[in-house]
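Predicted, not measured: the structure shown is a model, and the values here were computed from it. Only this structure's heavy atoms are used, side chains among them; waters, hydrogens and symmetry mates stay out. Just so we're on the same page: letters track the sequence lines, and every chain starts at 1.
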There are 4 protein chains.
Amino acid sequence: MATSATLTDSSPRPARRVGGEGSVTRAAILTAAEHVMRDEGYAAASTRRVAARAGLKPSLVHYYFPTTDDLLLALFEKGAAESDAGLEAALAAPDPLRALWAALTDTSRTALALEFMALANHRPGLRARIAEHSERMRARQVTLFDHALGERLAAEGACPAAGLSVVLAGIGRALIMEGALGVTGGHAEARAWVEAWLDKLAPAGAPRRD
Amino acid sequence: MATSATLTDSSPRPARRVGGEGSVTRAAILTAAEHVMRDEGYAAASTRRVAARAGLKPSLVHYYFPTTDDLLLALFEKGAAESDAGLEAALAAPDPLRALWAALTDTSRTALALEFMALANHRPGLRARIAEHSERMRARQVTLFDHALGERLAAEGACPAAGLSVVLAGIGRALIMEGALGVTGGHAEARAWVEAWLDKLAPAGAPRRD
Amino acid sequence: MATSATLTDSSPRPARRVGGEGSVTRAAILTAAEHVMRDEGYAAASTRRVAARAGLKPSLVHYYFPTTDDLLLALFEKGAAESDAGLEAALAAPDPLRALWAALTDTSRTALALEFMALANHRPGLRARIAEHSERMRARQVTLFDHALGERLAAEGACPAAGLSVVLAGIGRALIMEGALGVTGGHAEARAWVEAWLDKLAPAGAPRRD
Amino acid sequence: MATSATLTDSSPRPARRVGGEGSVTRAAILTAAEHVMRDEGYAAASTRRVAARAGLKPSLVHYYFPTTDDLLLALFEKGAAESDAGLEAALAAPDPLRALWAALTDTSRTALALEFMALANHRPGLRARIAEHSERMRARQVTLFDHALGERLAAEGACPAAGLSVVLAGIGRALIMEGALGVTGGHAEARAWVEAWLDKLAPAGAPRRD
DNA sequence: GATGAATGAGAATTCATTCAT
DNA sequence: AATGAATGAATTCTCATTCAT
């Protein structure tokens, strides 16, 4: 699929890799890193802990990812790729708007994304890449909105596509972050309101124009 | 003002303190910790760095805050108190709704709040306290909305006060988080849309009902 | 009682004391120190922990016992005095031999005594005092044996009083030390053998000659 | 020799080792730890001091023994192995009974053993292992006694093998502990008495029955 | 009598990284 | 492709002690 390729291929800048890209070991390390980071926070994503989680020796982790930044970057790229795939799937879904909203409130991915936002604070190398990916996602969402809603957005009182992306992402993230904290007050109301709003924008019965 | 007192006084539970509560040194440590955390992320809020930033010896930090959790908790309480004060000020402002929106998009405070949300992940002691404060803030905002908007919220299509709080907080946080990353696409639109929306809810000319 | 006085008074060398000797606080500190040492080993008998256990501030402990050695020495003196009292009580008991054996296998006191023996290794100030007390106890026991057994010890095959003291103390300590470890193999047999032996030396029916 | 193997091989459970088991560095660390512990007590067996004594960097000690418990356990195992070897040598000696008595009063080994007994107090992981080893030693000694003394122990007035083991170990330990303190009153008598007793049990002229 | 503040030393770990094999 | 050895820096925390009040 052309669109997917566009989004995924265009961010090469791969971590200076030593071990082969397709190695099973490499994949195991990344998976372990993902678990560690989700469970214990980004600060815990150290060579040692990742190695322990993967049942490997620390040296081996360094063999595949010479520096910690390399590892984190690779991990981010993996998540970004999965995230892109999810977005493309939403674009292709019968009801793209609601599929997007589901993706934006999907706990599994967003938890990691939040860790990376925190990480960006003091890993300048990561920040640029994360920003770049965020912008690409936004652009892609704008495409989706324009495609799915078209002139409805141009109507008076409506929010332009780019703003809509910010709004939905923000609300989705709020629901997830607070949910992780155990705070749920107002969540049902907010969710209902967003969904009612989406209904007004794109009645569920007739999701696609094409 | 009674209401302010209610909100501020009700969260005592101070960190197990060793050094006196009113000490200048203690305040200096907290300020240093705040800077470090804002600038370098929560993981950098170590005894050493905080001490270095405050121009003190590391041992002294431990004298005032025996464990790192004690320090972080105290720091959170400080921020929470300031945040509460800001909220109360908004409540008392001539145009409470817009004052609240300004507070929610105030970079200085929210940046720290985000670090704490990330921290909550793996500091269970903090999580409970953060969740509690979030809920208190939400409840207080609900009061504000009901007070400022009253029957307007009951109108068809409007979002209940609790949901409104989630929505505004989420959007505000998104603007700040992305802004910190350097991502600004759609921000102006989202901001404009929120403001237009607030205008509809509470026309700027007649903000207060009382 | 003259004998008791002899034994107790002759080892003054009191810790450089600041707080009054009879102070309740001082006594509380010593009791706390005793508990800490029994429960967590001599290495844990720090100013801080003792203070915490006693519910006092660390500075107060230092007020009464300027250095750690002062505290440890005072604690030893307290135990020694109690130990002396026990020995004198045995001497005065109707069946002194068995009362002594009971004292030598008394868990409560001996556990602390063992900690002090370990401590003696690297607290030269303590070592001298502990050695001195051990020797005094031995001498006193010799008196007891000569008094209680008299010519029986002179009989062929019997152990001289001083040796008997070493033997009984050693076996008693072994029972206690191993008991603390959870090792009990052979204990019943050893105990039975010692008791049978005491029976031969001083038939239970006629304990005292005087 | 089969018996030796039985005793020595059966206590593997090596400390979680990171550095190779046969490494010279590892051995050097253990030797240094042994010296430190013998000279300054168990509380002094810290990473720093051990490293200093071995002329190594502290980090290297942690490389081989991740936690202090690992180091202490390895050190105990080393001592236990040597102790086992000594016991087996006694068993094989022409006069096993006296060889055992010599081993039980051997200062070099027993001093360390005492430190470990004190340590067992607050290192539960060690305690189990120490207790286990003590019991194994006892069992082995019982074999020795039954083998060397046979029916003589069954004679009237004699102590069963297990009790004999407790008694000899206790007296031996007393001689060593007090000797370390500088207390020697009654030692010669006790020693002479034990030796006379051994003579009665197993006349020096005809030590072995087989 | 008692206490709060301060400090230097040291302990137990953890970590990222380098190097040689 | 993988690994063991080594290291210097950092982190969290504990401690004994001093000093001024």
Reckon [X] has a side-chain N or O less than 4.0 Å from the OP1 or OP2 of [N]?
X     : N      : value
D/K57 : F/dA6  : no
B/T68 : F/dT11 : no
D/Y63 : F/dA6  : no

With the threshold set at under 4.0 Å for non-hydrogen atoms, list the residues of residues 36-56 of chain A touching DNA chain F in residue-number order.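 Heavy-atom cutoff 4.0 Å gives no residues at all.
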[X] [atom1] to [N] [atom2]: how many Å, rounded?
X     : N      : atom1 : atom2 : answer
B/I29 : F/dT12 : CD1   : C1'   : 15 Å
B/D70 : F/dT12 : CG    : P     : 13 Å
B/F65 : F/dT11 : CZ    : P     : 18 Å
C/D69 : F/dT17 : CG    : C1'   : 13 Å
C/H62 : E/dG4  : NE2   : P     : 15 Å

Could you walk me through whether D/L119 and D/R127 pass the side chain to side chain contact (heavy atoms under 4.5 Å, CB included) check? CA-CA 8 Å; D/L119 248 181; D/R127 171 156 59 218; over 6 Å; no
Evaluation steps, side chain to side chain contact (heavy atoms under 4.5 Å, CB included), between C/L73 and C/D69: CA-CA 6 Å; C/L73 193 45; C/D69 263 29; 5.9 Å; no
Could you grab the distance from atom [atom1] of [X] to atom [atom2] of [Y], nearest 0.5 Å is fine?
X      : Y      : atom1 : atom2 : value
B/L181 : A/E132 : CG    : CD    : 12.0 Å
A/L126 : A/F116 : CG    : CZ    : 6.5 Å
C/L71  : C/Y64  : CG    : OH    : 13.5 Å
C/I130 : C/H133 : CD1   : NE2   : 10.0 Å
D/L72  : D/T67  : CG    : OG1   : 8.0 Å

Using a heavy-atom cut-off of under 4.0 Å over every strand shown, decide if D/S59 touches base, sugar-phosphate, or nothing.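 The residue D/S59 makes base contact.
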Steps toward side chain to side chain contact (heavy atoms under 4.5 Å, CB included) verdict (A/M177, B/L114): CA-CA 10 Å; A/M177 283 173 70; B/L114 280 172; 3.6 Å; yes
Which dot-bracket string fits DNA chain F when only Watson-Crick or G-U wobble pairs with both atom distances under 3.5 Å count, crossing pairs get [ ], and | stands for a partner on a different strand? .||||||||||||||||||||
Proximal nucleotide (of F/dT12, F/dA6, E/dT13) relative to the D/L60 side chain: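 In terms of side-chain proximity for D/L60, the closest of F/dT12, F/dA6, E/dT13 is F/dA6.
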The side chain of B/Y64 lies closest to which of these nucleotides: F/dA16, E/dA5, E/dT17?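 Side chain of B/Y64 sits closest to E/dA5.
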For A/P58 and for C/T25, find the nucleotide of DNA chain E with the closest heavy atom, then tell me which residue's nucleotide is more 5'.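 Upstream on the strand: C/T25.
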Side chains of residues 28-44 of chain C: which donor-acceptor partners sit under 3.5 Å, not counting sequence neighbours?
from, atom 1, to, atom 2, distance (Å)
C/T31, OG1, C/A27, O, 3.0
C/E34, OE1, C/K78, NZ, 2.6
C/E34, OE2, C/R38, NH2, 2.8
C/R38, NH1, C/S108, O, 2.3
C/D39, OD2, C/R53, NH1, 3.3
C/D39, OD2, C/R53, NH2, 3.2
C/E40, OE1, C/R49, NH1, 3.2

